[in-house]
Every structure is written in C-alpha cells, then in structure tokens.
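Notes for the one structure printed next.
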2 protein chains.
Amino acid sequence: MAANLDEIDWAIIEQLQREARISLSELGRRVKLSSSATTERVRNLESLGIITGYHAAVDLAKVGYPVLAVVRLKYPGNRHQPLRRLVAERREILECLRTTGDDCYTLKIAATSMGHLESLVDELAGFGSTTTSVVYSHTLPYRGPDRP
Amino acid sequence: MAANLDEIDWAIIEQLQREARISLSELGRRVKLSSSATTERVRNLESLGIITGYHAAVDLAKVGYPVLAVVRLKYPGNRHQPLRRLVAERREILECLRTTGDDCYTLKIAATSMGHLESLVDELAGFGSTTTSVVYSHTLPYRGPDRP
DNA sequence: GTTGAAATATATGACGT
DNA sequence: ACGTCATATATTTCAAC
C-alpha cells in the first residue's frame, strides 16, 4: 500500500503541503528539477492518490464559526447508516473519525455559537451518549507528515 | 472578529477549499467575476487572515503512516511549555487541540506502525495520563466550513 | 531527466463605468 | 467595486536529445 518515494518526491510533497498554490515551474526551482520533470512527478503523485487534493485553509472564527468542539460519541449497535447520513449532511461537522475504544466516533465540529453547538450535540445525542469538549486553541499551525 | 463576507467571497472560499491550485482567472470564471476583481478579493481574504494558507492533502497510509490515532491527555498542573515543545518537535503529531473538560489536550497522531505509536504515546505519558484510540477510518472526505 | 522554443495562459495596470 | 482591454510576463507543453 505504501508507495516508494524518494527525496525529491518528499521535497515536492513538503512544498505543496506548505504552499499549494505555487506554479509547477516555481516548484521545480525549489526542488531543483526542470519544470517538465516536476510536472510529471506531481501528476504521478496525484494519479497514484498520494496527493489527494489541494485545499485553502480558513480562519474559522473569522468566517463566522468561533466555536470549535471535539465530540466523542458512544454508538451502541452496528447500524451506522443513519449517523453517516447526518454527518454527511451537516457541514458543521468538519471531521469524523471512527475509532477503537469506548467512544466509537470522534467528531470535530465548528459552530457559530454555543447555542448552535448545543443543537448539533443534541442531534448527535440521538445516536448515543456524547462527550463534548470545547476547544480553547489550536496549539499548532497547519502540519502534514514528513519523510518517515 | 468575524468578517463580513458576501456571496461572492463565499463562492471564492468554497472553490479554493475544494481546489486550491486553480488560477485566479479560472477562479474568476467560476465565481463570475473578472480576473482583476477576483485577484483583489483573494488578496484581501489573504491579508485579512481569512484564508490562512493553501495545503496539499496526502494519503497518510500511502506516504508511510498507516496508523492514525487520537490521543487524549490529562495534564495536571499548569506548566504547559514542555508539552508544547514536544508537540512542536514531533512532526507525527498532526494536530493538538487544547480543550475544556477532563482531558486537557486532544492530539491526532500519525505513526508508521503500532510500535511507533506506542513510543509516541509513551513520550506523552510523561506529561499525564493518556487515552489512545486508533482510527479505523475517516468517514468524510476533506471538508471546510460553508456559509453560516 | 534536461534543454529550448513555441503556443498558451496568466498577471498587472490604466482607464472608463 | 467592477469590467475591459492591452501589455508584459510566466507557464505549460512538446519536441529532440
């Protein structure tokens, strides 16, 4: 499953994780490769599904979501479809991880207010018992994996 | 703190959240604005810190991190500096949220193996008691906030 | 993987609305 | 605040090596 990536592939990945909007020629300059070779490598990383996309990051508070929370959900039974549907519909749910352990799901939720968060948690509580923690702060800037 | 964003701003943000590498002229076409006006708006969103960056997303398993885990950390006391230092150093820690509740920190960690995860958790356990859940699967593709 | 040239697309700024 | 147009520049692409 894991791909074989050399040093240059990793340099490309690191640059694009940091600054995804640079041109392929600029990227080539940074990783010391011609723009043709760079283009080919990037296309390859994309088509192998190693790079899965390029996304703008936004300041949640500034776009109207000042409340961020982590909600853990205990989910008795094995009928996961209804929850999946809710999660797919509610765009406020930014991330949904299914995990081992007592809490089957860990969700990251952005809300416009505590009242909004409350109503979202109420919806989730229909599926199982929830534990909600409000986030004080991100202690890290954006970060992706580096060469193992 | 929250900015006033109109429909077009949101259209721009949505397009860039989905596909951050499109050119400003292509973006202008999509949001039905001239490239000059689009450029100005994007620069504005960036300089106001509404858009904070553009990042490539990678498949963690394919780049050598097949194990993803959520680790919660109870952190007695208030000397947070040593933990912050560890978090900043260890690139395997992809996210670190400080939260309300019994668990002061929730971390998302990518590891190359269960053994690797174990050693990371051991390091964290030096700071307080940990609860680790291994992630089976992401149930959502990348997603950002939309217009509230 | 490189180089170089041609075709294309893009960014930029001035001007009018 | 936005559109249009013209210009300068950068980028992509496709050869041949």
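Chain naming here is simple, since letters A, B, ... match the order of the sequence lines and numbering starts at 1 in each. Note that this is a predicted model, so its numbers are computed, not measured.
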What are the bounds, 5' to 3', of the part of DNA chain D that sits under 4.0 Å from heavy atoms of chain B?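 Listed 5' to 3', the contact boundaries are D/dC2 to D/dT4.
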
C/dT10 OP1/OP2 closer than 4.0 Å to side-chain N/O of B/Ser23: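 So the side chain of B/Ser23 is within the cut-off, an N or O lying under 4.0 Å from OP1 or OP2 of C/dT10.
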
Whether [Y] and [X] form a salt bridge (side-chain N of Lys/Arg under 4.0 Å from carboxylate O of Asp/Glu) is what I want to check.
| X | Y | result |
| --- | --- | --- |
| B/Glu14 | A/Arg91 | no |
| A/Arg21 | B/Glu46 | no |
| A/Glu26 | A/Arg29 | yes |

Output the single nucleotide from C/dG1, C/dT12, C/dT10 whose closest atom is nearest the side chain of B/Thr39.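 In terms of side-chain proximity for B/Thr39, the closest of C/dG1, C/dT12, C/dT10 is C/dT12.
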
Just how far is it from atom OG1 of B/Thr106 to atom NZ of A/Lys108, taken to the nearest 0.5 Å?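 Nearest 0.5 Å value for the OG1-NZ distance: 10.5 Å.
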
Roughly how far, to the nearest 0.5 Å, is the CG atom of B/Leu120 from the CD1 atom of B/Ile93?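 B/Ile93 atom CD1 to B/Leu120 atom CG measures 6.5 Å (nearest 0.5 Å).
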
Can you tell me how the ring of A/Tyr75 sits relative to the ring of A/His80, calling it parallel under 30°, perpendicular over 60° and tilted otherwise?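 A/Tyr75 and A/His80: parallel rings.
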
DNA chain D contacts among residues 42-54 of chain B, heavy-atom distance under 4.0 Å: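 Residues of residues 42-54 of chain B that come under 4.0 Å of DNA chain D do not exist, since none gets that close.
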
Which part of the nucleic acid does A/Arg21 contact within heavy-atom distance under 4.0 Å: base, sugar-phosphate only, or nothing?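 Contact class for A/Arg21: none.
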
Would you mind classifying the nucleic acid contact of B/Ser34 as base, sugar-phosphate or nothing, using non-hydrogen atoms under 4.0 angstrom?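 If one applies the 4.0 Å heavy-atom cut-off, B/Ser34 turns out to touch a base.
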
A/Ile8 or B/Arg29: which one's nearest nucleotide on DNA chain C is closer to the 5' end?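 Residue closer to the 5' terminus by nearest nucleotide: A/Ile8.
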
Does A/His55 reach the side chain of B/Arg18, with side-chain heavy atoms less than 4.5 Å apart?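 No; the side chains remain at least 4.5 Å from each other.
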
What is the distance from CG of B/Leu33 to P of C/dT10, rounded to the nearest Å?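 Spelled out: CG on B/Leu33 to P on C/dT10 is 16 Å.
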
Do you know which two heavy atoms are closest between B/Tyr54 and B/Ala20, and how far apart they sit?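 Heavy atoms only, the tightest pair is CD2-CB, 3.9 Å.
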
Which is more 5' along DNA chain D, the nucleotide nearest A/Ser25 or the one nearest A/Ser36? Just name the residue.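 Comparing both residues, the 5'-ward one is A/Ser25.
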
